[in-house]
Structures are given as C-alpha cells and as structure tokens.
Amino acid sequence: MTIFATSTSAFFDRSVLDLSSLRSQAEQIQSQVGSGEKLTASSDDPLAASRLRNLARTEALSQIDTAAANRATSDLNLVDSALSEFATFITRAQELATQAASGTLTDSQRKSIGTELSQIHGNLVSLANTRDSAGHALFGGDTAGDAYQADGTYIGTGAAGILQLGDGQSVARSFTGPELLTFKSGGATKDLFSTIKGLADTLSAGGTGAAAAANAALTTLNDGLDSITTAQTVLGARLSWIDLNTQRQQVMGEARSEEQTQLGATDLTTALTRLSELSTVLQASQASFARLSNLSLFDLLK
C-alpha cells in the first residue's frame, strides 16, 4: 500500500512538473511573439543580453554624435550663406571704388559713393555679428555676445568652437572674424572693415587725394575677396568631412541594427511554429494525464 501511494505521488509530481514546464515554454514564446523580443530576461542568454546592452549604449552615443554633426552642418550652412553675402558686399565695394577712382567724378559724386560705402561697412559689421544655431556670434569664436563693435573692432575670442563628431573626429563650427576679414595685401596686414571705412571717410571728405585712395583700395578689396573665396573652399571641405562621418555612422548604425535583430528580435515564423508544437504536446499530455490519473491498482485487479 505504501509502495502504491509513493508511486502514485511520484506520478502526479512528475506529471505536474512536465505540464508546468510545457506551459512555461508556451507562455515564454507567447511573450516573445507579443513583445517582438527574443530575450524576456538576461538569464535567457547572458552573453546575448550583454552584447545587446553594449549595442544599445553605442547607439545612444551615436545619436549624440549625429546631433553634433547636424548642429555643425547647420552652423556651417549659416557660415556659407554669410560668406556669400560678404562676397556680394565686397564686390559692390569694388565697383564703387572703381567709379571713385575715375578722374571725371566730382567731389559731390564721390561723397555719394562714400555714403554708400559707409552703409556697406555697417552691413558688413551686422553680417559679422550673425548668430549661430545656439544664439552665439557665428564669427566670434566662443564668445556669447557680438563678434564686432559698431566701428569694426573685433571683440570675440581667438579661435572658433570645435564640435565633436564621434570616434575622435571633430570639426571647427565656423571661422573667427579675423580669419576672414584680416589678410595680407601688398606685403602688409589689412583689415576689410578699416579699408572700407577709411575709403568711405576719404571720399566723404573730398579733395585731390580721393581718386588715388580709391584706386589704392582696389587691390586691398581684391585680396579681401580672395580671403572670402579661400574660406568658402575650406568650408566646402569641412561640410564634405561631416558628410563622410555621417555616412560612416549610418553604415555602422545599420550594422548594429542588424546585429540587434539577430540577437534580440523574435523570429515570428519559428516562434509560431514552436508555439503550435507546444500547444499540441500540451493538449496531448493533459489528455494522457487525465486518463492515467483515473486508473488505479484496484481497477487492474478486478
């Protein structure tokens, strides 16, 4: 009688364990299908779970790098637009200087040209104080205020800010004002603002030296335009560098996404097939258990 009781108890215990294991497997697969994630807990596959965490951290850092690259691109596009406007103003100043250099103009006509050059000077100062995407002076380096005073005096810092692009790569977000507007001309250091303002003042004052001053300014203005053109070339190289880094980040991001899918995403076809198998086995096991549990030794002895 004791042996029979023990055997019956062991049968029920094993059956309950087997059925519980089948239900647990089915529930786990149902959870995987519902969430789309293969791993419901790190214990399911510790190595895969660790790798997925590393991939998630790398992806988070990549998003930060992408945001920095987007900001750099935005700032450099603002610089590109400003450089084009600088070139337009300088070209107009060259045209006015050429007119003023003519010996046929009267002092009154040169004064009119001087007035327009003064306006160009003011426009250039305003342009040099253009703000970047963060609201700082685009050509003022790291200063939070203006890059130039109204008279054309530079009050920014000595270097443009640097933006990190990830993996040790970086790019200057702009140029400082002096990098653009201070240059060599005729063996001497010249400043675009002082050149235009000086010519405007000379033409407004009139006199016999006005035409010669306008003629002399043409060389400086030409060299100033060359400085802007050089900056535009450098700017294009920086934008290309950002594009290359962005493309590399995209490729790496796609590779991470594919690996994350392989490691952590549920294969619906496989999961649903396995779930169907477990359901069939579970139903059969429950039916067998029900039949066997109704049998007893007394039934066999009758």
Side-chain angles (χ1 to χ4, degrees), residues 58-93 120-184 189-194 196 223-254:
T58 302
E59 180 62 26
L61 292 174
S62 176
Q63 291 177 359
I64 295 174
D65 294 337
T66 299
N70 290 338
R71 181 194 168 189
T73 299
S74 176
D75 285 348
L76 290 178
N77 282 332
L78 288 174
V79 173
D80 186 41
S81 178
L83 290 179
S84 295
E85 291 189 58
F86 272 122
T88 299
F89 282 127
I90 296 172
T91 300
R92 179 54 182 164
I120 290 176
H121 176 268
N123 290 333
L124 287 172
V125 172
S126 296
L127 185 58
N129 285 328
T130 300
R131 301 296 171 138
D132 64 13
S133 57
H136 298 160
L138 190 60
F139 300 106
D142 289 325
T143 185
D146 287 341
Y148 283 88
Q149 293 177 338
D151 63 355
T153 301
Y154 184 68
I155 53 176
T157 61
I162 300 296
L163 292 177
Q164 301 299 322
L165 302 178
D167 296 330
Q169 308 300 321
S170 62
V171 65
R173 67 176 183 83
S174 182
F175 302 93
T176 63
E179 287 178 318
L180 295 173
L181 307 174
T182 301
F183 47 87
K184 290 289 186 179
T189 300
K190 299 289 186 177
D191 175 76
L192 183 65
F193 287 151
S194 61
I196 293 178
D223 291 336
L225 186 58
D226 286 344
S227 177
I228 298 298
T229 301
T230 299
Q232 288 176 312
T233 302
V234 173
L235 179 67
R238 290 181 185 177
L239 286 169
S240 295
W241 174 243
I242 294 174
D243 286 341
L244 286 174
N245 275 274
T246 300
Q247 291 172 9
R248 181 176 57 83
Q249 289 286 359
Q250 288 175 344
V251 171
M252 294 174 65
E254 290 170 359

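Here the CG atom belonging to Leu76 is positioned 5.5 Å from the CG atom belonging to Leu235, to the nearest 0.5 angstrom. To the nearest 0.5 Å, the span separating CG on Asn123 from CZ on Phe86 amounts to 10.5 Å. Separation of atoms CG (Asp80) and OG (Ser174) is listed at 11.0 Å; rounding is to 0.5 Å. From Asp223, atom CG reaches atom NZ of Lys190 across 10.0 Å, with rounding to the nearest 0.5 Å. The CG atom of Leu83 sits 11.0 Å away from the CG atom of Leu78 when rounded to the nearest 0.5 Å. Atoms NE2 and CG, from His121 and Leu192 in turn, are 8.5 Å apart once rounded to the nearest 0.5 Å.
Within the 4.5 Å cutoff, no side-chain heavy atoms of Leu239 are placed close to those of Val171. Side-chain contact between Tyr154 and Asp191 is absent, with no heavy atoms from C-beta onward closer than 4.5 Å. At a threshold of 4.5 Å between non-hydrogen side-chain atoms, the residues Leu127 and Thr130 count as touching. Side-chain contact between Phe193 and Thr153 is absent, with no heavy atoms from C-beta onward closer than 4.5 Å. With a 4.5 Å cut-off on side-chain heavy atoms, Ile228 and Leu181 count as touching.
Scanning both residues, Ala144 and His136, for their nearest heavy atoms gives CA-CD2, 3.9 Å. Of all non-hydrogen atoms in Ile196 and Ala93, the two that sit nearest each other are CD1-CB, 4.3 Å. Across Glu179 and Ser227, no two heavy atoms sit closer than the pair O-OG, 4.0 Å. Nearest heavy-atom pair, Ala137 versus Gly145, reported as atom, atom and distance to 0.1 Å: CB-O, 3.0 Å. The shortest heavy-atom contact between Ala231 and Leu180 is CB-CD2, 3.2 Å. The shortest non-hydrogen separation linking Ala128 to Tyr148 is CB-CD1, 3.5 Å.
The pair Arg131-Asp146 meets the salt-bridge criterion, since a charged nitrogen lies less than 4.0 angstrom from a carboxylate oxygen. Electrostatic pairing of Arg173 and Asp132 counts as a salt bridge here, judged by a charged N lying under 4.0 Å from a carboxylate O.
Put simply, the side chain of Asp75 gets close to the backbone of Ser133: a donor and an acceptor are under 3.5 Å apart. With hydrogens and angles ignored, the 3.5 Å screen pairs no side-chain donor or acceptor of Ser74 with any backbone N or O of Asn70. Remark: the backbone N or O of Thr229 is paired with a side-chain donor or acceptor of Thr233 at under 3.5 angstrom.
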Determine, step by step, whether Phe175 and Val234 satisfy the side chain to side chain contact (heavy atoms under 4.5 Å, CB included) criterion, reporting the C-alpha distance in whole Å, the side-chain angles of both residues, the deciding distance to 0.1 Å, and the verdict. CA-CA 10 Å; Phe175 302 93; Val234 173; 4.0 Å; yes
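With hydrogens and angles left out, the side-chain atoms of Thr189 and Lys184 include a donor and acceptor closer than 3.5 Å.
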